[in-house]
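Treat the numbers as computed from the prediction; the structure is a model and nothing was measured.
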Number of protein chains: 2
Amino acid sequence: MFKRSPSLAEQVKFHLKQRILDTDFDKDRIPSETVLAQELNVSRNTVRDALSRLEMEGIVIRKQGAGTFVNRNVRLVKTRLEEIIPYEEMILAHGCKPAVDLLSVKKTQPDEQCAAQLNLNATDEVLSIEKLFGADDQPVIYSITFIPTKIIAEPYTKEDAIPPVYQFLPQFCRQSFAYYLSDIVPLVATPGLRQILHLPPRKLALLSFEEIGFNRDNEPIVKAISYFRDDLLRLRLIRRDTG
Amino acid sequence: MFKRSPSLAEQVKFHLKQRILDTDFDKDRIPSETVLAQELNVSRNTVRDALSRLEMEGIVIRKQGAGTFVNRNVRLVKTRLEEIIPYEEMILAHGCKPAVDLLSVKKTQPDEQCAAQLNLNATDEVLSIEKLFGADDQPVIYSITFIPTKIIAEPYTKEDAIPPVYQFLPQFCRQSFAYYLSDIVPLVATPGLRQILHLPPRKLALLSFEEIGFNRDNEPIVKAISYFRDDLLRLRLIRRDTG
DNA sequence: CAGTGGTCTAGACCACGGG
DNA sequence: CCGTGGTCTAGACCACTGG
């Protein structure tokens, strides 16, 4: 029934997700793990793996002794912070038409903080990429990305900077991407930001992400700052008791 | 070597965490899963379970074919948003002395939004609990919690409101607590908030959490709003590629 | 090539929930 | 009490990394 790659568990997860959307389970109750395992012809562990992922996303609630149930609340969760997803997808998940506008791509001298965060010398330069993301033709995210020029290994064009950085890095820098260390910072929009994001007069505060990206050798390879219209792009997440 | 409860995997995780702090592994490399399984006399799956949790916390990095390594960067992560932890612990993790000040406990009429979020009728009241958390005697978090009075089943005193709500609920409301659905919202501090949190003149923006808590039957049972001094209590997290 | 982590299986026992 | 999810085991094969 299933092939390998992506993993069986991932396929089972996808299958169940679809079934949850399509099917009306009795009282939102999902068949037991044993039954699912037999139906899908995989081991119970694999089913459990898939269900665990769905539970992490809040799509499903498990109760020992009772069963596994669909969580109808969590259609409200549009973004899962722990996962990196392209901003276009985030905008799509909010039901809007995404757009990307590449504002600029240029080599610059990093400021002191940025140089320190990326372990750069005084003479090292960075490639700075400015983008503006729109949702239904309204600007919602403004981001600046800094990549040390010394790690860029392949020739690139402006257009190559449009996709997410973590695709640029493997492609043009021969760098793996492992994870972001992200700070969530609130701020009062500066006049410059107000103009770029077309903020209405009443909208004063913005949310920003300040992120340092690391490769699999745990070396910092990219810095990114993103400013969000939190009123248009809700940042919502699920929090659980001590896992 | 280990007892059961908490789970073996949890104990192994704890054991490894200690060992990471105490031991200097060669080039930060942790023994292989097979070796650990033999040493600790548990199955490799259990070791993997423990390592997966450490990896989620960013404490460890795994590389297929190469090994598992300590991540020395992630001492910087003070808060894991996906997990609910008492604010006192969060403050402790920042290296500060935590304090709780119970500002008020009183029955009130919920506003329209709150009533809708908690599925309340027009006549239902809520117990509102105001707290102020300090770090090294400096106020850093101000929180208000709303619990529908109709679910309160046991007599309580003011002091019972000091611990986290998700302890109050099982104890006095016979309610299980399953998860929070949390919105992250930036805002410009109002004069009232400025006074409560003793904000310095330059500090304009605050971070707030607007959370609805659900029980295991997926019914909303509590609303909480928290305002953070993000400059004193850094909100930092690890983001990975699509799990 | 040997050794690592990644995935999957089949089977066992436990703890809990609801009838 | 039975059926559910929670935990653990032993063993297998794969994919990848590094020397």
Side-chain angles (χ1 to χ4, degrees), chain A residues 1-13 16 25-56 60-71 170 174 176 178 215-218 240-243, chain B residues 1-13 16 25-56 60-71 170 174 176 178 215-218 240-243:
Chain A
M1 164 131 193
F2 294 116
K3 301 177 266 186
R4 84 160 44 97
S5 167
S7 72
L8 263 188
E10 202 59 42
Q11 294 173 69
V12 171
K13 174 190 152 188
L16 290 174
F25 294 107
D26 182 42
K27 288 188 298 176
D28 279 346
R29 186 189 188 148
I30 289 177
S32 81
E33 298 177 347
T34 318
V35 170
L36 285 175
Q38 288 168 350
E39 277 183 20
L40 303 177
N41 199 28
V42 297
S43 80
R44 194 187 144 208
N45 278 345
T46 302
V47 171
R48 279 187 61 72
D49 197 339
L51 285 173
S52 297
R53 301 179 198 205
L54 290 175
E55 187 183 32
M56 291 232 295
V60 131
I61 295 181
R62 298 205 268 194
K63 299 187 215 177
Q64 178 169 147
T68 304
F69 303 83
V70 178
N71 183 355
R174 297 184 196 134
S176 62
N215 64 16
R216 285 202 231 288
D217 292 326
N218 216 16
R240 299 201 141 72
D241 211 345
T242 55
Chain B
M1 165 135 194
F2 294 116
K3 302 176 267 185
R4 86 161 41 99
S5 167
S7 73
L8 263 187
E10 201 59 41
Q11 294 172 70
V12 172
K13 174 189 153 189
L16 291 174
F25 293 109
D26 181 43
K27 288 189 299 175
D28 279 347
R29 186 191 189 147
I30 288 177
S32 80
E33 299 177 347
T34 318
V35 170
L36 285 175
Q38 287 167 351
E39 278 183 20
L40 303 177
N41 200 29
V42 297
S43 80
R44 193 187 145 209
N45 279 344
T46 303
V47 172
R48 278 187 61 72
D49 197 340
L51 284 173
S52 298
R53 300 178 198 206
L54 290 176
E55 188 183 31
M56 291 234 295
V60 130
I61 296 182
R62 298 205 270 195
K63 299 187 214 177
Q64 177 168 149
T68 304
F69 303 82
V70 177
N71 183 356
R174 296 182 195 136
S176 62
N215 63 16
R216 285 203 231 286
D217 292 326
N218 216 15
R240 296 200 144 74
D241 209 346
T242 54

Between the protein and nucleotides 17-19 of chain D, list the N/O to N/O atom pairs that are separated by less than 3.5 angstrom.
from: D/dT17; atom 1: O2; to: B/G65; atom 2: O; distance (Å): 3.4

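- Across all non-hydrogen atoms, the minimal contact from B/S43 to B/A37 is C-CB, 3.9 Å.
- Rounded to whole angstrom, the span from the CD atom of B/E55 across to the P atom of C/dT4 amounts to 17 Å.
- With rounding to whole Å, B/D49 atom CG is found 14 Å from C/dG6 atom C1'.
- Atoms CZ (B/R48) and P (D/dC8) sit 15 Å apart, rounded to a whole Å.
- The interatomic distance linking B/R53 (CZ) with D/dG6 (P) rounds to 12 Å, in whole Å.
- Put simply, B/T34 has no side-chain N or O that comes within less than 4.0 Å of OP1 or OP2 on C/dG5.
- Projected onto DNA chain C by closest heavy-atom contact, B/R29 and A/V47 fall at different nucleotides, the more 5' of which corresponds to B/R29.
- Rounded to an integer number of Å, the gap from CD of B/E33 to C1' of D/dC16 is 14 Å.
- Comment: B/R62 engages B/E33 in a salt bridge, judged by a side-chain N to carboxylate O separation of less than 4.0 angstrom.
- B/F69 has its CZ atom 13 Å from the C1' atom of D/dC16, to the nearest Å.
- For D/dG3, neither phosphate oxygen OP1 nor OP2 lies less than 4.0 angstrom from any side-chain nitrogen or oxygen of A/S32.
- Between the side chain of A/T68 and the backbone N or O of A/I30, no donor-acceptor pair lies under 3.5 Å.
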Exercise. Verify side chain to side chain contact (heavy atoms under 4.5 Å, CB included) between B/N71 and B/D28, making sure each step is shown before the conclusion.
Key: CA-CA 8 Å; B/N71 183 356; B/D28 279 347; over 6 Å; no
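- The distance from atom NZ of A/K13 to atom C1' of C/dT7 is 16 Å, rounded to the nearest whole Å.
- Electrostatic pairing of B/K13 and B/D49 does not count as a salt bridge here, judged by no charged N lying under 4.0 Å from a carboxylate O.
- We find that CD1 of A/I61 is positioned 16 Å from C1' of C/dG17, with the value rounded to whole Å.
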Give me the distances for all protein-to-nucleotides 10-12 of chain D N/O pairs that come in under 3.5 Å?
from: D/dA10; atom 1: N6; to: B/N45; atom 2: ND2; distance (Å): 2.5
from: D/dA12; atom 1: N6; to: B/R44; atom 2: NH1; distance (Å): 3.4

Quiz item: Step by step, would you call B/R44 with B/Q38 a side chain to side chain contact (heavy atoms under 4.5 Å, CB included)?
Solution: CA-CA 8 Å; B/R44 193 187 145 209; B/Q38 287 167 351; over 6 Å; no
